[in-house]
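The structure appears below as structure tokens.
Computed from a predicted model, the values in this text were never measured in an experiment. All values below were derived from every heavy atom in this structure, side-chain atoms included, with hydrogens, water molecules and symmetry-related copies excluded. Counting starts at 1 for both ligands and their atoms, in listed order.
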Amino acid sequence: MKHDFVHESRPGRVVFAVGARTRLPEEIDHLGLNNLMVVCTPGQADLAAELTSPLGDKVAELYPHATMHVPVAVASKGIARSREIDADGCIAIGGGSAIGLAKAIAKDTGLPIIALPTTYAGSEMTTVWGLTNAGRKTTGRDPRVLPVTVVYDPQLTVTLPPALSVTSGMNALAHSAEALYAPDCSPITALIAAESARAIASALPRLVADPRDIDARSDALYGAWLAGSALGSTTMSLHHKLCHILGGTFDLPHAETHTAVLPHVLAVNLPAASTARTALETALGTTEPSVHLFHLAQDLGAEMSLKALGMPEDGLQTVIDQTIAAPYANPTPVAEADLHHLLGNALLGAAPTTRPGASQ
Ligand code: NAD
């Protein structure tokens, strides 16, 4: 086999264990931080207060104002507040929304982020930031937004409701799947992505059967860590592009949107990405990864219709126009008719199919 690749490892310290949350004070000491801003969503304020209480007066402020897709106004207020209190670091407790706000603050201020993830979104392993303004989501990369320390404690995910656990897990699987066919996927990233897909797909049915199954939670979070690492090392393709547009334009829920879209994008892309397809077939134990993932998510209770998630039927052309307007990486060119076909299926929650007459 002829190898030809560039691989860049991201810096960052990862502490992973059941009960790892109790190690937060020593991690903060290790970094020498003394005046911290703690960022979370309103719903996780109590948890954030409990997890950071051992830090005592090193916590300058608990800031429970994170919301999904990081609206610019929310980011601006958070940045201003971090300056007012003269924070020297930002602890993000929660899912991608909390980590997203911490990233927006770090992008402007350079504050180091310490993340305690409670979902499988994987943002904590990437240099990608996102901001939403007037229905448009903008993303970019900046090494300053990559958390310096990530404390993964599977016990923090036990309260994640089964439905959100499934869709968040599918969000992570989307990172792994798109990393496998990314133009800059290196051999090490391919190993990480395939192992991630295996771990998540095996964990999801177990944690739905028993949301307190700590081994299943551990496997899912381990897979999410790997998925985030794979996402952080590669260029995103059609799936992430579509989900950014859908989320930003119609304010659709992030993980649920990824779940409804992923099988349809894989139905289009995998025929043109044989190495990725083989890796996913092995990881998932199937010869039809796209159909398999559709039924896995649906059988575990996920909503597979974008319409049911809040997408207006007449919004399809807006998404298609925005997708075509800015170029993106993808293993195969996707015609407007392909986008109509795959988004039409996703809108209705139908199983993925190949468009009649499609070139593949
Ligand atoms: P989220 O952070 O919005 O969390 C969803 C809801 O679940 C919130 O109300 C939250 O309070 C609650 N929640 C989180 N963890 C919980 C737990 N353990 N128990 C009970 N409730 C819990 O959702 P998300 O899917 O994690 O993140 C979505 C956001 O992250 C989007 O804005 C997306 O764009 C961003 N994201 C960014 C990247 C990146 O690399 N930049 C990667 C993935 C996602």
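Nearest protein heavy-atom neighbour of atom 34 (O) of ligand 1: Lys137 NZ, 2.5 Å. Nearest non-hydrogen protein atom to atom 18 (N) of ligand 1 is Leu156 O, 2.9 Å. Counting only heavy atoms of the protein, atom 32 (O) of ligand 1 lies nearest to His69 N, 3.0 Å. Closest protein heavy atom to atom 44 (C) of ligand 1: His254 NE2, 3.3 Å. Nearest protein heavy-atom contact of atom 6 (C) of ligand 1 is Leu164 CD2, 4.0 Å. Taking atom 19 (N) of ligand 1 as the reference point, the nearest protein heavy-atom neighbour is Thr159 OG1, 2.8 Å. In terms of protein heavy-atom proximity, atom 11 (O) of ligand 1 is nearest to Thr41 OG1, 2.7 Å. Regarding atom 4 (O) of ligand 1, its nearest protein heavy-atom neighbour is Thr119 CG2, 4.3 Å.
Although no hydrogens or angles enter the test, the distance criterion places a donor-acceptor pair under 3.5 Å between the side chain of Asp338 and the main chain of Ala335. In this structure, the side chain of Thr167 engages the main chain of Leu164 through a donor-acceptor pair within 3.5 Å. Formation of a donor-acceptor pair under 3.5 Å by the Ser186 side chain with backbone atoms of Thr189 is found in this model. The closest donor-acceptor contact from the side chain of Asp153 to the backbone of Gly19 lies under 3.5 Å.
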- Task: Go through His175 and Thr234 one step at a time and tell me if the side-chain hydrogen bond (donor to acceptor under 3.5 Å, both in side chains) criterion holds.
- Result: CA-CA 9 Å; His175 303 334; Thr234 48; over 6 Å; no
**OP:** Could you please spell out the steps behind the side-chain contact (heavy atoms from CB on, under 4.5 Å) verdict for Asp321 and Gln317?
**Re:** CA-CA 6 Å; Asp321 291 345; Gln317 194 58 46; 2.9 Å; yes
Determine, stepwise, if the pair Thr353 / Asn345 fulfils side-chain hydrogen bond (donor to acceptor under 3.5 Å, both in side chains).
CA-CA 8 Å; Thr353 54; Asn345 275 342; 2.9 Å; yes
So Asn330 and Asn269, side-chain hydrogen bond (donor to acceptor under 3.5 Å, both in side chains) or not? Walk me through it. CA-CA 8 Å; Asn330 209 51; Asn269 279 351; 2.8 Å; yes
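Below 3.5 Å of separation, one finds no N or O of Ala98 facing any N or O of ligand 1. Considering backbone and side-chain N/O of Met68, none are found under 3.5 Å from N/O of ligand 1.
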Report, one line per pair, each donor and acceptor closer than 3.5 Å where one atom sits in a side chain of residues 90-106; sequence neighbours left out.
from, atom 1, to, atom 2, distance (Å)
Lys103, NZ, Ser123, O, 2.7
Lys103, NZ, Ser123, OG, 2.9
Lys103, NZ, Thr126, O, 3.1
Lys103, NZ, Thr126, OG1, 2.9
Lys103, NZ, Val128, O, 2.7

Pairs of donor and acceptor atoms involving the side chains of residues 62-86, under 3.5 Å and at least two apart or interchain, shall be tabulated with distances.
from, atom 1, to, atom 2, distance (Å)
Tyr63, OH, Gly78, N, 3.4
His69, ND1, Lys137, NZ, 3.1
His69, NE2, Leu252, O, 3.1
Ser76, OG, Val72, O, 2.9
Arg81, NE, Glu61, OE1, 3.2
Arg81, NE, Glu61, OE2, 2.8
Arg81, NH1, Glu84, OE1, 2.6
Arg81, NH2, Glu61, OE1, 2.7
Ser82, OG, Ile79, O, 2.7
Arg83, NH2, Asp108, O, 3.3

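Look at His244 and you'll find every heavy atom at least 4.0 Å from all atoms of ligand 1. Contact analysis leaves Gly43 out of contact with ligand 1, as no non-hydrogen atom separation drops below 4.0 angstrom. Residue-ligand proximity: Met125 is placed with every non-hydrogen atom at 4.0 Å or more from ligand 1.
Per-residue contacts place Gly95 under 4.0 angstrom from the following atoms of ligand 1 (heavy atoms of the residue considered): 2 (O), 26 (O). Those atoms of ligand 1 with a heavy atom of Lys103 less than 4.0 angstrom away are 39 (C), 40 (O), 41 (N).
The residue from Gly232, Gly130, Ser97 that puts a heavy atom closest to atom 3 (O) of ligand 1 is Ser97. Across Ser165, Gly122, Ser123, Ala174, heavy-atom proximity to atom 38 (C) of ligand 1 is greatest for Ser123. When Ile93, Val70, Thr126, Thr118 are checked for heavy-atom proximity to atom 15 (N) of ligand 1, Thr118 turns out nearest.
With a 4.0 Å cut-off on non-hydrogen atoms, Gln44 touches ligand 1 through its side chain and not its backbone. Looking at Val128 against ligand 1, both its backbone and its side chain come within 4.0 Å, counting heavy atoms.
Protein heavy atoms are found less than 4.0 angstrom from atom 24 (P) of ligand 1.
For His258 and His240, the gap between ring centers is short of 6.0 Å.
Following chains of ILVMFWY side-chain contacts shorter than 4.5 Å, one cannot reach Val268 starting from Leu348, and the two form parts of different hydrophobic clusters.
Aromatic ring pairs are classed by plane angle as parallel below 30°, tilted from 30° to 60° and perpendicular above 60°; the pair Trp225 and Phe16 is tilted.
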